[in-house]
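Only one structure is covered here, and it is reproduced in the block below.
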Amino acid sequence: MCGRYSITVPTEALIERFEAVPSPQVPRSEPRYNAAPSQNLPVLLNNGTRQIEYLRWGLIPHWSKDTSTAYKMINARAETLTSKPSYREPLRKRRCLVLADGFYEWQKTGKTKTPMRMTLKSGEPFAFAGLWENWHDPESDLVVRTFTIITGKPNEVVAPIHDRMPIILLPKNEKIWLDNDAGEEAWENILQPYPADLMMAYPVSARVNATTNDDPSLIERAS
C-alpha cells in the first residue's frame, strides 16, 4: 500500500521533467511533504494536453452513490486491474501519471514502526502509474475528478520495508502509459518494480505519521 508520498519540487522543474504545462487554475503547485488521501495533487492525464492538473487522491468509481469508497481505493493492485469492475474501464480509457519525488512506508521492527522515505538516488521527480475517474456528486451537481496509485511487487530496496510498492514508471514508459493506442498488453507489461539500484531508502521523523504535519523537516533523514 502507498498511503503517503511527497512532491516538493518547483512547478518549473515538473514542467521541464514531464514536458508539461501548468494548470491555468493552479499556476504554481505548493510543495507537499506529506501528501495524503483526499488531497488535490498534481497529475498528467491521458487526454493529450500535457497539462498539470489537480485531482483528489482516492478513486470514486463513476457509478458510486457517494464518496465512501475513496479511502479504500487510494491504491489499485496491478494484478487485478483487468478483473475488478472499478479498474477495468479506467485502465482502458483513463490512465494518468501521478507526479512525485518520494514516498513513505513504515518498517516494522518488533512492536515499533519506523517511517521510511523512498526516493530516486538522483533526487529527480518521477511518476507513479495511476488511474483516474470522473464522479458526479448528486448533492452539489459537481463533477469530482479522482485518482488512484497502482501498486505491485516491491524491489530489493522496498522489500525489507513493505511487501508492496507503488509502480514508478521508467521515463521511457511514461508515454506508453498515456498512449491511448498502446493497448492493455503494453500497459500491463510496463507495470514492473522500479530498478532497485536507482533507488534509496532512509528513516524520517515520526512526525510524518500525522497528516496535519507538512513541512520540509519531514523529508530529512532521522538521526
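The figures here come from the full heavy-atom set of this structure, side chains too, leaving out hydrogens, waters and symmetry mates.
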Checking the side chain of [X] only, and the main-chain atoms of [Y] only, is there a donor and an acceptor separated by less than 3.5 Å?
X    : Y    : value
D137 : L142 : no
T148 : L131 : no
N75  : C2   : yes
W177 : L191 : no
K153 : P193 : no
E188 : E185 : no

Using distance alone, with no hydrogens and no angle criterion, decide if [X] and [Y] have a side-chain donor and acceptor under 3.5 Å apart.
X    : Y    : value
R4   : N34  : yes
R117 : Y202 : yes
N40  : W57  : no
R207 : S217 : yes

Distance check, rounded to the nearest 0.5 Å: [X] atom [atom1] versus [Y] atom [atom2]?
X    : Y    : atom1 : atom2 : answer
L169 : I167 : CG    : CD1   : 7.5 Å
R145 : L59  : CZ    : CG    : 13.0 Å
L91  : S83  : CG    : OG    : 10.5 Å
C96  : L44  : SG    : CG    : 8.5 Å
K175 : L97  : NZ    : CG    : 11.5 Å
E184 : T82  : CD    : OG1   : 6.5 Å

If we only count heavy atoms from C-beta on, is the [X] to [Y] side-chain gap below 4.5 Å?
X    : Y    : value
L45  : L178 : no
L81  : R88  : no
D179 : E174 : no
I15  : I52  : yes
F103 : S6   : no
P166 : I150 : no

task: Give the C-alpha distance, both sets of side-chain angles, the deciding distance and a yes or no for side-chain hydrogen bond (donor to acceptor under 3.5 Å, both in side chains) between D101 and T8.
output: CA-CA 7 Å; D101 59 13; T8 67; 2.6 Å; yes

message: Take a 6.0 Å sphere around CD of E89 and say whether it holds more than 12 heavy atoms from other residues, nucleotides or ligands.
response: yes

task: Compute the ring centroids of Y5 and F128, then answer whether they are less than 6.0 Å apart.
output: yes

message: Less than 6.0 angstrom from the centroid, inside 45 degrees of the normal: does R95 satisfy that with respect to the ring of W187?
response: yes

Determine whether [X] and [Y] fall in the same hydrophobic cluster, where Ile, Leu, Val, Met, Phe, Trp and Tyr are linked whenever their side-chain heavy atoms lie under 4.5 Å apart.
X    : Y    : result
Y33  : Y54  : no
I161 : M200 : no
I176 : I149 : yes

query: H62 and N134: which non-hydrogen atoms are nearest, and at how many Å?
result: CB-O, 3.3 Å

field: salt bridge (Lys or Arg N to Asp or Glu O under 4.0 Å) evaluation trace for R94 with E133
entry: CA-CA 7 Å; R94 291 180 289 280; E133 186 62 276; 3.0 Å; yes

Quiz: residues 105-113 side-chain donor-acceptor pairs under 3.5 angstrom, not counting sequence neighbours:
residue: W106; atom: NE1; partner: N209; partner atom: OD1; Å: 2.7
residue: Q107; atom: NE2; partner: P160; partner atom: O; Å: 3.2
residue: T112; atom: OG1; partner: T109; partner atom: O; Å: 2.8

- request: Determine, step by step, whether R17 and E124 satisfy the salt bridge (Lys or Arg N to Asp or Glu O under 4.0 Å) criterion, reporting the C-alpha distance in whole Å, the side-chain angles of both residues, the deciding distance to 0.1 Å, and the verdict.
  value: CA-CA 9 Å; R17 164 64 178 79; E124 295 176 315; 5.5 Å; no

- request: Would you please name every residue forming a salt bridge (Lys or Arg N to Asp or Glu O under 4.0 Å) with E79, sequence neighbours left out?
  value: R164

